[in-house]
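Everything on this sheet refers to the single structure shown next.
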Amino acid sequence: MEKTNNVTAFILLGLSQSKRIEILCFALFLSCYISIWIGNVLIMISITCSQLCDQPMYFFLNCLSLSDLCYTSTVTPKLITDLLSEKKTISYTSCMIQLFTTHFFGGVEIFILTGMAYDRYVAICQPLHYAAIMNRRRCNTIVVACCTGGFVHSASQFLLTIFLPFCGPNEIDHYFCDVYPLLKLACTNTYTIGLLVIANSGLIALVTFIVLILSYFLIFYTLRAYSAESRSKALSTCSSHITVVVLFFAPALFIYIRPATTFPEDKVFALFYTIIAPMFNPLIYTLRNAEMKNAMRKLWSHKRFSKGSLTLHVHS
């Protein structure tokens with residue numbers, strides 16, 4: 001079928017048609033976005049400037065913080081500016097770029113979370129071989145595989161959408177460009193493409209979620225043989241990871257595992273994995289992690305000490 005495209009731009013309907021609600025959302029999501037940057041940059045600096053960067057768990061956490069920043073930045077800045085705009089438009093090209101980058105960084109994040117679960121599995125279930133298995137080369141290979149998986153997933157979504165004909169209307173009932181809202185606007189039968197989207201996004205999310213849950217069942221089973229102190233420490237680390245996994249996967253599964261239909265609730269659920277999860281990740285991983293808190297404390301106390309020493313040196 002020859003592609004006919006009369007649409008050069010889309011109108012994003014956003015979260016609400018009420019100006020009062022939009023202003024409240026602007027203040028809320030601007031605060032969230034600033035918190036995401038502060039929290040994740042703080043984690044990245046604390047890990048990079050301490051001994052923690054040599055440990056695989058924190059190497060992956062560093063990568064997760066970076067992917068959080070990139071992922072939320074594909075959506076949130078546009079959402080924030082649109083909340084104060086009378087007309088929320090996005091060009092066709094920008095829409096396709098946003099679709100690709102959102103799914104790329106979202107895919108990378110999913111696979112990094114899987115890599116983190118594998119790291120915890122090896123650390124708890126094969127502690128004697130942990131250093132040999134999770135060496136830096138293996139960690140780098142896992143991250144490269146995560147990026148490759150994210151690219152393949154995103155390219156698939158992009159190719160399924162870029163050849164769709166759009167004849168009008170051009171109103172997207174969402175706050176960013178995603179596959180299902182775009183399928184709704186295409187002037188062709190999208191049933192087969194909808195099934196391919198489920199096979200791509202839906203199955204990736206479902207299979208990854210099942211693998212993560214099974215890995216933690218194995219971890220909890222293994223922990224029965226550990227001492228109470230070791231069990232408590234391991235559970236604290238694992239519970240942080242499980243919280244992040246549930247925050248990210250539960251709404252994503254709700255949207256992508258069903259047939260290609262859209263509901264008004266989709267926008268609210270999408271907020272969880274595009275804004276709320278990236279905002280809570282730093283809190284979840286630091287508040288329940290003594291090593292991270294100590295690294296942050298040492299880093300910033302050292303900076304204050306260095307600043308104080310420099311001031312005394314100048315005055316003397």
Side-chain angles (χ1 to χ4, degrees), residues 40 43-68 105 107-153 203-249 277 281-282 284-296 298-299:
N40 284 291
I43 282 182
M44 290 164 66
I45 293 173
S46 299
I47 292 173
T48 306
C49 298
S50 70
Q51 302 279 336
L52 295 179
C53 63
D54 297 325
Q55 299 182 36
M57 184 175 83
Y58 296 102
F59 172 78
F60 289 124
L61 179 55
N62 206 5
C63 294
L64 182 69
S65 293
L66 179 60
S67 69
D68 271 338
F105 290 115
V108 170
E109 180 142 347
I110 283 175
F111 294 128
I112 286 176
L113 286 170
T114 310
M116 293 175 78
Y118 175 70
D119 170 67
R120 289 300 84 205
Y121 167 78
V122 176
I124 293 168
C125 299
Q126 301 182 49
L128 298 178
H129 304 286
Y130 178 69
I133 295 173
M134 297 305 295
N135 53 52
R136 183 45 60 96
R137 184 179 177 183
R138 176 68 60 84
C139 292
N140 289 333
T141 303
I142 289 172
V143 171
V144 170
C146 291
C147 294
T148 304
F151 178 80
V152 171
H153 159 68
L203 278 183
I204 284 176
L206 182 62
V207 170
T208 308
F209 183 68
I210 291 171
V211 168
L212 288 168
I213 296 301
L214 287 175
S215 70
Y216 279 103
F217 271 123
L218 288 172
I219 287 171
F220 292 147
Y221 181 79
T222 306
L223 282 174
R224 295 187 310 164
Y226 280 57
S227 66
E229 185 181 350
S230 298
R231 192 160 56 237
S232 176
K233 185 179 178 181
L235 284 172
S236 177
T237 304
C238 292
S239 63
S240 300
H241 192 207
I242 291 170
T243 306
V244 171
V245 165
V246 171
L247 259 180
F248 190 90
F249 277 91
N281 282 359
I284 292 166
Y285 279 112
T286 53
L287 292 178
R288 297 180 64 86
N289 191 314
E291 286 181 317
M292 270 303 304
K293 286 190 282 190
N294 288 335
M296 287 182 174
K298 285 178 184 176
L299 177 68

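- Within a 6.0 Å radius of CD in Q51, no more than 12 heavy atoms belonging to other residues, nucleotides or ligands are found.
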Exercise for the section: Please report the C-alpha distance between M134 and F60 in whole Å, then the side-chain angles of each, then the deciding distance to 0.1 Å, and finally whether the side-chain contact (heavy atoms from CB on, under 4.5 Å) criterion is met. Expected result: CA-CA 11 Å; M134 297 305 295; F60 289 124; 3.6 Å; yes
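- To the nearest 0.5 Å, the span separating SG on C63 from CE on M44 amounts to 9.0 Å.
- When all heavy atoms of I124 and T222 are compared, the pair lying nearest together is O-CG2, 3.7 Å.
- Between atom CG of residue N62 and atom CD1 of residue I45 there is a gap of 10.0 Å, rounded to the nearest 0.5 Å.
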Problem - Audit row: Y118, I133, side-chain contact (heavy atoms from CB on, under 4.5 Å) steps and yes/no - result: CA-CA 11 Å; Y118 175 70; I133 295 173; 3.7 Å; yes
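- A pairwise comparison of heavy atoms in G149 and F111 identifies C-CE1, 3.4 Å as the closest pair.
- If you take CG on L52 and CD1 on I43, they are separated by 11.0 Å, rounding to the nearest 0.5 Å.
- Taking every heavy atom of both residues into account, C146 and I112 meet most closely at SG-N, 3.6 Å.
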Problem - Residue pair F59, D119: steps toward the side-chain contact (heavy atoms from CB on, under 4.5 Å) verdict - result: CA-CA 10 Å; F59 172 78; D119 170 67; over 6 Å; no
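- At least one donor-acceptor pair under 3.5 Å links the side chain of N140 to the backbone N or O of R136.
- The two atoms that bring A277 and F248 nearest to each other are CB-CD1, 4.4 Å, heavy atoms only.
- Taking all atoms of both residues into account, the shortest heavy-atom contact from L218 to C125 is O-SG, 4.1 Å.
- To the nearest 0.5 Å, atoms CG (N40) and CG (L61) are separated by 8.5 Å.
- For the atom pair L212 CG and I242 CD1, the distance stands at 9.5 Å (nearest 0.5 Å).
- In terms of heavy atoms, I47 sits closest to Y58 at CD1-O, 3.5 Å.
- Residues I219 and R120 meet the side-chain proximity criterion, which asks for heavy atoms closer than 4.5 Å.
- Distance check: I284 CD1 to T243 OG1 gives 5.5 Å after rounding to the nearest 0.5 Å.
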Practice task
Decide yes or no on side-chain contact (heavy atoms from CB on, under 4.5 Å) for N281 and E109, but give the supporting numbers first.
Solution key: CA-CA 12 Å; N281 282 359; E109 180 142 347; 3.8 Å; yes
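- The backbone N or O of L64 sits less than 3.5 Å from a side-chain atom of S67, completing a donor-acceptor pair.
- Residues F209 and I110 have side chains not in contact (no heavy-atom distance under 4.5 Å, counting atoms from C-beta outward).
- For CZ of F151, the number of neighbouring non-hydrogen atoms (other residues, nucleotides, ligands) closer than 6.0 Å is 12 at most.
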